[in-house]
Amino acid sequence: MKKEDQSRFLFGISLTDRPIWQQFLICSSGFFFGYLVNGVCEEYVYNRLKFSYGWYFTFVQGFVYLVLIYLQGFTTKQMVNPWKTYVKLSAVLMGSHGLTKGSLAYLNYPAQIMFKSTKVLPVMVMGAFIPGLRRKYPIHEYISAILLVIGLILFTLADANTSPNFSVIGVVMIVGALVMDSFLGNLQEAIFTMNPETTQMEMLFCSTVVGLPFLLPPMILTGELFKAWSSCYEHPYVYGVLVFEAMATFVGQVSVLSLIAIFGAATTAMITTARKAVTLLLSYLIFTKPLTEQHGSGLLLIAMGIVLKLVPDSKPQNRASLTDSTNRNGKARLEEMKKRKEDGQVIEDEEKRPLV
């Protein structure tokens, strides 16, 4: 868990002066609310209305974000990082969003949820290579992530047997989104770490502005821009659903950035996994889909992985105390060396004095 170097607020609520559990509860509540609404809306638009235009919908969502950020009072004068800081981040952000939404044309929502939930493992692995982070995790957290992955694979295989909306193209798209997600959270954490003055609004604003042009090539090359425009023109109520979804996702996105800034990318990935499990169950309950024993086994392993992640790790505390004692010993040694040096200098000076 990271220590906060900068005063942070979430929609006017101060996080800095609160106990760590309250910070966690507030950020997680905003995240769960935003993305549960997002999940229901995506299921409705993609699987019920059959509007499978992931790149275009991400493009529309970006403009809704910019309006909401403007209403929050953010301006470019408040930026503390140069624009170039957000180029890589924006590319992987928009690529992840576009591939994730586009994969729903080939995967049903629970299958996509399961694949996305495995991102905690690549996020942990990639955290060891991102400059400015070089994260290392205790062994039980890796075991937790592996349990999650196995459970999600079991669930996905069961879902492939009970759902017709499952294809190799969708799997390739969602795997591509996972690769980008492994960079995304770690890059965001690295920016917060290297410049603690960075706010959530700045990161979301800059990554959206820089990232929107990245969406144009895939939309134009695939012809999705014109197809989506004509389909939404014939059914304008879809825009209402998209705007409502984007507003809810905005709350979730700012909450996620708060979690990354305070708790780090890997812990945030675990929280998003828990959210996906809740969204998954809601998907089956709301849209009345069949659950099998294999689904239950997969969910059980997922729960075991989450519980194992919540087990407190005593090693960091030992390291902290060891570091403190080492620092104290080091200071004592330095003081002793200084005294010895001074004594030696005095003796040396006395030896050099002429005998009178």
A.B. asks: Any donor-acceptor pair under 3.5 Å linking the side chain of Ser231 with the backbone of Ala228?
C.D. replies: no
A.B. asks: For the OH atom on Tyr233, are there more than 12 heavy atoms of other groups (residues, nucleotides or ligands in this structure) within a distance under 6.0 Å?
C.D. replies: no
A.B. asks: Looking only at heavy atoms, which two atoms of Tyr65 and Ala246 are closest? And how far apart?
C.D. replies: CE1-O, 3.5 Å
A.B. asks: Is the number of heavy atoms from other residues, nucleotides or ligands under 6.0 Å of Phe11 CZ greater than 12?
C.D. replies: yes
A.B. asks: With distance as the sole test, does Ser28 use its side chain to make a donor-acceptor pair with the main-chain N or O of Leu25 at under 3.5 Å?
C.D. replies: no
A.B. asks: Taking Phe59 as the fixed residue, which of Phe57, Trp55, Phe63 is the one that meets the ring-ring contact (aromatic ring centres under 6.0 Å, His included) rule?
C.D. replies: Phe63
A.B. asks: For the side chain to side chain contact (heavy atoms under 4.5 Å, CB included) test, which of Leu68, Thr76, Val210 pairs with Phe205?
C.D. replies: Thr76
A.B. asks: For a quick test of reading the model, state the closest non-hydrogen atom pair linking Gly62 to Leu212 and the distance between them.
C.D. replies: CA-CD2, 4.0 Å
A.B. asks: If the condition is side chain to side chain contact (heavy atoms under 4.5 Å, CB included), which residues does Val179 pass it with, not counting sequence neighbours?
C.D. replies: Phe183
A.B. asks: For a side chain to side chain contact (heavy atoms under 4.5 Å, CB included) check, start with the C-alpha distance between Tyr86 and Asn81, then their side-chain angles and the critical distance, and finish with the verdict.
C.D. replies: CA-CA 9 Å; Tyr86 298 98; Asn81 294 307; 3.1 Å; yes
A.B. asks: Just do the side chain to side chain contact (heavy atoms under 4.5 Å, CB included) check on Leu71 and Val67 with the steps written out, would you?
C.D. replies: CA-CA 6 Å; Leu71 293 177; Val67 172; 4.3 Å; yes
A.B. asks: Could you check whether atom CE of Met79 has more than 12 heavy atoms from other residues, nucleotides or ligands sitting under 6.0 Å from it?
C.D. replies: yes
A.B. asks: Check the angle between the aromatic planes of Trp229 and Tyr56 and answer parallel, tilted or perpendicular using the 30° and 60° thresholds.
C.D. replies: perpendicular
A.B. asks: CD1/Ile262 to CD/Gln23 distance, rounded to the nearest 0.5 angstrom?
C.D. replies: 4.5 Å
A.B. asks: How about Tyr239: does its OH atom have over 12 heavy atoms from other parts shown lying under 6.0 Å from it?
C.D. replies: yes
A.B. asks: Output yes when a side-chain donor or acceptor of Glu202 lies under 3.5 Å from a complementary backbone atom of Val80, and no otherwise.
C.D. replies: yes
A.B. asks: Please answer: with hydrophobic residues joined when any side-chain heavy atoms are less than 4.5 Å apart, are Leu221 and Leu99 in the same cluster?
C.D. replies: no
A.B. asks: Please list all pairs passing the salt bridge (charged side-chain N to carboxylate O under 4.0 Å, His left out) test where one or both residues lie in residues 243-268, with sequence neighbours left out.
C.D. replies: Lys101-Glu245
A.B. asks: Nearest 0.5 Å, what's the CD1-CZ distance between Ile26 and Arg18?
C.D. replies: 4.0 Å
A.B. asks: Using 30° and 60° as the class boundaries, would you call the ring planes of Tyr237 and His235 parallel, tilted or perpendicular?
C.D. replies: perpendicular
A.B. asks: Phe263 vs Phe24 aromatic rings, parallel, tilted or perpendicular, using cut-offs 30° and 60°?
C.D. replies: perpendicular
A.B. asks: Distance from Leu216 atom CG to Leu225 atom CG, nearest 0.5 Å?
C.D. replies: 7.5 Å
A.B. asks: I need the minimum non-hydrogen distance between Thr100 and Ser103, along with the two atoms involved.
C.D. replies: O-OG, 2.6 Å
A.B. asks: Do Phe250 and Val64 make a side-chain contact, defined as non-hydrogen atoms from C-beta onward lying under 4.5 Å apart?
C.D. replies: no
A.B. asks: Does Gln200 reach the main-chain N or O of Ser255 with its side chain, forming a donor-acceptor pair under 3.5 Å?
C.D. replies: no
A.B. asks: Mind checking the CD1-CG spacing from Ile191 to Leu89? Nearest 0.5 Å is all I need.
C.D. replies: 5.0 Å
A.B. asks: Is there a side-chain contact between Val175 and Val171, using heavy atoms and a 4.5 Å cut-off?
C.D. replies: yes
A.B. asks: Can you name the one residue among Leu15, Val251, Leu259 that meets side chain to side chain contact (heavy atoms under 4.5 Å, CB included) with Leu10?
C.D. replies: Leu15
A.B. asks: When rounded to the nearest 0.5 angstrom, what distance separates CD1 in Ile260 from CE in Met203?
C.D. replies: 7.5 Å
A.B. asks: Same hydrophobic cluster for Leu184 and Leu178, using side-chain heavy-atom links shorter than 4.5 Å among ILVMFWY?
C.D. replies: no
A.B. asks: Look at the side chain of Thr85 and the backbone N and O of Pro82, then say whether any donor-acceptor pair between them is shorter than 3.5 Å.
C.D. replies: yes
A.B. asks: Considering non-hydrogen atoms only, spot the tightest contact between Gly252 and Tyr35 and give its length.
C.D. replies: C-CE1, 3.4 Å
A.B. asks: Less than 4.5 Å apart, any side-chain heavy atom of Phe74 and any of Leu204?
C.D. replies: no
A.B. asks: With a cut-off of 6.0 Å (strictly less than), are more than 12 heavy atoms of other residues, nucleotides or ligands near CZ of Phe33?
C.D. replies: no
A.B. asks: Taking all heavy atoms of Asn186 and all of Ser182, pick out the closest pair and write down the distance.
C.D. replies: ND2-O, 2.9 Å
A.B. asks: Enter the distance from Leu66:CG to Gln61:CD here, rounded to the nearest 0.5 Å.
C.D. replies: 11.0 Å
